[in-house]
Structures are given as structure tokens and as C-alpha cells.
Protein chains: 6
Amino acid sequence: MTEPVAALSHLDDAGQIRMVDVGAKTPTLRTAIARGRVRLSAPAYALLTQPGQGKGEVLNTARVAGILAAKRCADLIPLCHSLPLAFAGVDFSLDDAACTVAIRATCRTSGQTGVEMEAMTAVSVAALTLYDMCKAADKGIVIEDICLEYKSGGKSGEWRRED
Amino acid sequence: MTEPVAALSHLDDAGQIRMVDVGAKTPTLRTAIARGRVRLSAPAYALLTQPGQGKGEVLNTARVAGILAAKRCADLIPLCHSLPLAFAGVDFSLDDAACTVAIRATCRTSGQTGVEMEAMTAVSVAALTLYDMCKAADKGIVIEDICLEYKSGGKSGEWRRED
Amino acid sequence: MTEPVAALSHLDDAGQIRMVDVGAKTPTLRTAIARGRVRLSAPAYALLTQPGQGKGEVLNTARVAGILAAKRCADLIPLCHSLPLAFAGVDFSLDDAACTVAIRATCRTSGQTGVEMEAMTAVSVAALTLYDMCKAADKGIVIEDICLEYKSGGKSGEWRRED
Amino acid sequence: MTEPVAALSHLDDAGQIRMVDVGAKTPTLRTAIARGRVRLSAPAYALLTQPGQGKGEVLNTARVAGILAAKRCADLIPLCHSLPLAFAGVDFSLDDAACTVAIRATCRTSGQTGVEMEAMTAVSVAALTLYDMCKAADKGIVIEDICLEYKSGGKSGEWRRED
Amino acid sequence: MTEPVAALSHLDDAGQIRMVDVGAKTPTLRTAIARGRVRLSAPAYALLTQPGQGKGEVLNTARVAGILAAKRCADLIPLCHSLPLAFAGVDFSLDDAACTVAIRATCRTSGQTGVEMEAMTAVSVAALTLYDMCKAADKGIVIEDICLEYKSGGKSGEWRRED
Amino acid sequence: MTEPVAALSHLDDAGQIRMVDVGAKTPTLRTAIARGRVRLSAPAYALLTQPGQGKGEVLNTARVAGILAAKRCADLIPLCHSLPLAFAGVDFSLDDAACTVAIRATCRTSGQTGVEMEAMTAVSVAALTLYDMCKAADKGIVIEDICLEYKSGGKSGEWRRED
């Protein structure tokens, strides 16, 4: 996780924020995968996963929210470039022992800038949507460890989280 | 964290999602405080915090993004009610030893429904904005432990995280 | 359907459009129910409804889209007032003989203006979402008969469609 | 209208919804034309069309709303790709005998995915805007027969409604 | 114009930006009127105003854009409170001698905070829309003197521009 | 400023508004620079610029608002094409003698249509944000002379304001 440190790319010489100018970058196919986890109390997790309790509807609602958020990422993150996504997907896996829902989002585009922020935003909003739908059962739910897992494309090439 | 479990309020009897009808709730003054943390590698943290490197601009940009997101929460979270916020604030505190930026968001309204989601969303988007501005220095940055810290107002009254 | 004709309320004396000023109206509890129908070809309808084909996910996705659109109605309809909805719900019923999906949306608020547009918009966007998800199987799908079914509250009181 | 049935493209093998990945599609010039109709009561139609009653302003307002909605289509329809439109146009034709306003929307892009949804959305929101501006005169107005009329471009080539 | 100077209300004691907390303010009826002017070259002005050139459509399009922007003001201005507008109106007056289009916007609400920003935003976006529609005839068009003309309601009461 | 007058490109032969169809235009690298000015009373200017009064935070907040608005330009201006910006930047310069803040916005894209509206919108919203943050000290603040300064790219090539 301690890769060679570049400068903070969103600051100019005067220490003021700026959008990175991507006009000179070559468009390439770019992929990013992000992940995160929602940790529920045991009773809330049981409620979410018990048969006939609409688990599929809840997860699908979070998936839809995550996909919509990926498309609206540049509206939310000030210095993020808007770009047309070729794909945005959100998947869930449940861990009964840990009482957690793991979220993974994949975004792809063919463009001049990466889609890490789109994938990170999709995970975050899917997690918030799960929180919203389960908070009546457990206000203490925690959204944990949202991070980038993989990216490819662009000048910096392929990157994969080492853990 | 293991409070008495209510039903998942966003599911109807057929197990289909629904917005909770708040039409019959009494408007009260409601406050919610949420928190989260952004963990950077040591070199990225050093870069962010070194004098003359625009730390103030970076944090202010994340603050603005968080406040705007709080106001747009109901656009992002499908079953969340839209409501006019009386206040949305985002604060940061830096921990040099841990290389983390802690984020705390406070929202207030006088209305028929709580503002937990607004505060959680403000923290999430402020964290994503920090990630975005520091990712050139460290792709491995982790957004940790977004959770509710406090809420007051409404039928369920005051709630405070026990830790 | 031929009720007494009022003037077009969104035109001023000069024949120019204007928002109706609702500042002097008394806030009352207001409800509106709208409906519409999506007509598919027999093969597309069969595909949508066949077991294991994700009918629940498709309908839930359309429901989420409809609810989100209800909340964003004033962003879409130029002279519509923005207002906080107490409730927005979208339901579906399938007619195997007619190969149609009927959509019904209910909106409620306590405010100075009605929520007919919110309910009509929810039906329209839920229908468009169904079209989008089924169009690979049938480009010819038709969205039919979107109309108001019921409203209550406000000066004009209760209204119910006569058919 | 009973073309060969493909699978529902927005469902994966597990029956879960997903955005279609268009990353491998060749960008081509794509056009879509959609249509719909707003049916008014005779008195409301007379009011809308009588000289000096601002018919032009009303239709122009609906046109503007339709064009804006076409551009915001991917914000509304969960699995729809965002893409820059080269053109979005909305036209009206009035049928005095039937008391209807026919709406036609045309969208064009040069991209990896079609613009049917953009055209359908433009028609829907233009129709809703007409409803909104005439509803004081007739709550019973019906939005009828929103459908695709024509599309060209992409792998499936040209398609024209047969009626 | 040199009224007694209050502090910058959007800065806290640490000099950091913050939203003003309006939770304790009494809701009152509030009105704001803002104005501005678009100055065209003589040929562009002649083109805009010549009979049969769609002047009405152009102005109506700018009016619609201004009204929509008033409703979306809190999405654009970071520390502005979102609130439901009771009314938003935009009017134009043409000055043939000066080749200018004067814009005036009026907003009203019954709430805890004023609507100056909504009126200023409506004028600005109406002006930008006029610029957009006339820029093919004159890239040099200038948007001039956007300012508040009048406000009433709230603790500070009535204010009227002195000129 | 009196360049050769073209027709109003957003009107069709019937005098109705339309989006310009840019489908046949060649994508080129396009730049636009716009500018404007915010004029404060002397006391308000003094308050904004006095040491320790958060001038940097205020300007940064306006910068962020301007950049976000540039990306959302096509949502606000009805006939403006949406397009992915390669760059959007907003800069300020203060004139102590005149008590003004000058704003300059630069936008760049590689596309089929120019980015003048994006730059003009960035200036406008940055100016509105400054107004919002300083209006408690001076309601009479004026936003002045928003205009295009430079554009390049596209068929009409380079254009530079002559003053």
C-alpha cells in the first residue's frame, strides 16, 4: 500500500485546487473495481437474511442506487471528470458468521481518465442504501473499509490491491 | 450496538420495498451526527499535511462536497425522504500518528423524519472527495468506519453510540 | 371527464407562463394516485414473467426508479412546486391475458400544493424503466393510459376518476 | 410488433439486474424517434388552443422540459447509459377533431449505445408538462401510446414501427 | 449600498465555511426580487427582436430555465438552504435603444430563510440561456449588473435597493 | 464586438427553438475562457479580505461551486449539449482599489461542440456563491460584466474579445 508518492495532482503551484487537465491523455479502455462492507448487529443481520423478508428487494434497491450513483459521480465529487460509463455493476456477498454484507462495484469506460471514483461512489451509495433500509433494526450499523481493489488502463497501467 | 430489533421498516407485508409514510408523524427538531475516517499511507499523509501543500483547500473542498451531498441525499438514497435541512456541517480532525483524517458531519432539521442519512451521506461524500484528491499519491487509501454517532428528536428520542 | 373548465392556471394575463403562487394556500394533507400500463408483445411478456427470469428484480428496479422520480418531479416539470413528500409508493399488477403490467403510484404530502404531478411522474418513469429492461425482447412495447385516478386535499377537495 | 425474442438483456445468469456492458460495441451514428399523445377533454382542448391563450408558450415549455429530460435520461432510468446527445428535438401536432396533442421526439448520438430511452423520456416528460399546465382545466387528461417509432444505427440496424 | 457591516455569516470562529443554522428562526413569508441585463450588439439585438424570429420562444425558454434554476438553487450554491418555493417568476423587458434585455426574477416562500439566492440564480440562468441562444449572432454579448432589488420577511425585514 | 451576424442557430424555420444538431461536426480540441466581476461595498470588501477572515475558504468554496456548475451546464441551459469536460478551472484576482473580485473560468474539451456555456456558467455560479457568502455584510453586491474572453477550436476557429 506504500507505492511511490506522486504530488497531490489536484493542487496547482499556488496550492489551490484544480481539476487535472486530461485533454492530452490517450483514450484507453479503463476498468476499476472497488469494495466495501456493511456490518450489522446479529439481530439486524438475521432480520435482513431471514426467508420471506425481502432480502432480494433490499439488495436490489442498493444495487440500483449504487449504479445510479456511479453515473452521477462527477456531480458529487468536485474535481472528478464526467464521462460516459460503458458499464457499472454492483454485487453483494453475505457472510453469515461475520454478519456483514460485502459490496463490490465494477466500472468500465473507454476514455481519457480512470473510473476509480465511479466504483468507489457506487460502493458507498449502495452501502448507505443498505444502512437506510436496515437502520430501524440497528442504528449502529457500520460501513467499513471502502477501498479500491483493482484498476487497469491509462498511463499508470494495472494496479491490484495487495491483500 | 445490539438494541431491540424492530422490523425492516422499508418492507411491506409482501416483502416489497416501500418508503415509510411519515405523514402522521409530528414535526420535531431533529439532529444527527455521523462520523468516518480516511486512512492514508504515511507518505500520502505527509504530502497532504506538509506546510504549503494546500491542506486547507483540500479539506475545504471535501467539506463543500459533503454539505452539497447532504442536501442531495434523497436524490441518492431511494427510500429517503427529501426535507429542507436547517443545518449541515462537516468537520475534520487529523491524527498524525495514525495517518488518518477523521470526518464528522452534523445535520439538523425541523421535520417529520430524521436526518441520519443526510449526515451519513455527508461523511461518505467528504471521504470520497478526500480519496479523489489524494489518490495520485496513494491508490490504497481506505475509507473506514462510517457510522452514526448521535441522533435526537422524533419518537425514538435520543440515541448515542456506545463507544 | 368533462368537469367545469377553469382557466389555464399557468398563464398570466399576458399569455405568458408562470408558476402558480401557492403562498396563500393553507397546508392540508394531500394524496394523489396515478396509474398507467405497459403493453408487451406475448413473447416479451412471457420472457418477463417466466419463473427464474428475475421478474421481481425488474419490477423492483422500476419501483425504485419511480420513487426516485417522484422525489425529483419539480426538477423535471418546469412549473411544478418542489415539496417534501411524506410518502411515494409504486405498485404493479400483471395481466397475463392482456400481456400488460399495470402501474399505480401513490404520493402524499402535507403542503400547500397537490402531488398529482409527483404520482404521474412516478408512473411514467416506472413505465420507462420497464420499457428499458424489456426493449431487447420487444422494441414495440407501448406505454398506455397514464392518468390521474384519485386526489384529495386542498381547496378542490376529493376527485375520483369516473371509469 | 412480434419480432424475434431475445433475452432480457438487463438480467445476468443469476437473474439479477445489470447494466449491459457496451465497451466492446463500435460507435456508430444512432437515431431514435419516439411518439405519444395527450388527450384532453373538449373544453380543456378549446382553452389550450383558443387564440391569445398562450398555446405557443405552453407547447414551448413542454418542448424545453422534454429536451432537458432527454439529456438527463440516464439519471432517471437506472440501467441506461449516460451519453452526450448530438441532438434532441421535440415537436407537437394538434388534432382538433380528437382533442389531442401528438408529441414526437428525435434524438441522435454518435456512440456505443442507442438513444431510444432518451427519445421515450423526452416524449414522456413533454406530455407530463402539458398535463401539468392544463390540469386546472381537466384533471382527467390522459397520456396515451408512448412508443418507439423508429431507430437506426448499432448492430440491430434500422427498425420502423409497423403501423 | 453601504449598510452596516455584519460579519461574514458563513464563516465560523476558526475561519472555516459553514452553513448558517436556521433551525431557530421563525418561519415568515419572504419575498426577493433580483434583476440583471443582457447587452447585445445592434445586429444581434435586431435579429432577436425582428418579427417572425421567434423572440417569444427564446424569451420563454430563458424564463423556463430561470424558474427551474430557482428551484435547484441549493444544488448549485454550496451553503444555500434548500426550501420549497411558493413562487418563482421571471420577466423580461426590452430596450430597443440600448439593445438590452432586462431580466427580473421574483421568488417567494414561507420559511426560515430568505430567497435572495433563488432570485439571483433565476436571473443568472435566464441570462445565460439568452446568451446561449444568441451567441451564434454575437459571441461578445455581456451579462450585466445582476443584483438584488428588493427583499422582505425575516428578522432583517424589508430592504430596497437605492437607485 | 460587432462581428458578422449569423442567424439565431437555436430557431428552426418555423421560429421554434431547437438544439443545434452537432452530429456532423468534427471533434476538435476546444477551449473557452469567460470572465466576470463581483463588486462589493468597501466595508464588505474589507471584511472579506482582512487577515484571518477565511478569504481562502470563501474563494475556494466559490471555485468548487463554479467547477461543479461547469460540469452540470447542460442540465441548466436547455439547448446546451452535454459533453465530458477535459478541464474546468476557476481563478480569482482581487482589486483592492475597486473593491472587486474578478473571476476567470477556463474550460476545455475534445468534442463536437464548444464549451463557452460551460465557462460562462462557471463564472456565474462562482459569482453567485461569493454573493451568497458575503450578502450578510452587503445585500447590494453586484455581479458585473460576465462575458466570453476567448474561444478556440471548431469551425469558427479562434476568437478573442477586443478590449
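Letters go in sequence order (proteins before strands), and every chain restarts at 1.
- With rounding to the nearest 0.5 angstrom, the CG atom of Leu128(A) is 8.5 Å from the CG atom of Leu76(B).
- Within residues 102-124 of chain B, the residues having any heavy atom under 4.5 Å from a heavy atom of chain A are, by residue number, Glu116(B), Met117(B), Met120(B), Thr121(B), Ser124(B).
- Here SG of Cys134(A) is found 8.5 Å from CG of Leu11(B). Values are rounded to the nearest 0.5 Å.
- Along residues 58-72 of chain B, the residues that come nearer than 4.5 angstrom to chain A, judged on non-hydrogen atoms, are Val58(B), Thr61(B), Ala65(B), Arg72(B) in order of number.
- Within residues 81-99 of chain A, no residue approaches chain B closer than 4.5 Å by heavy atoms.
- When the heavy atoms of residues 143-156 of chain B are compared with those of chain A, the residues falling under 4.5 Å are Ile143(B), Glu144(B), Asp145(B), Ile146(B), Cys147(B), Leu148(B), Lys151(B), Ser156(B), listed by number.
- Here Ile17(B) is the residue among Val20(B), Asp12(B), Ile17(B) with the most heavy-atom pairs under 4.5 Å with chain A.
- Using a 4.5 Å cut-off between heavy atoms, Leu40(A) makes no contact with chain B at all.
- Ranked by heavy-atom pairs under 4.5 Å with chain B, the first of Val125(A), Val38(A), Ile77(A) is Ile77(A).
- Between His10(B) and Lys135(A) the shortest heavy-atom distance is CE1-NZ, 4.4 Å.
- Heavy atoms closer than 4.5 Å to chain A are found in both the backbone and the side chain of Asp75(B).
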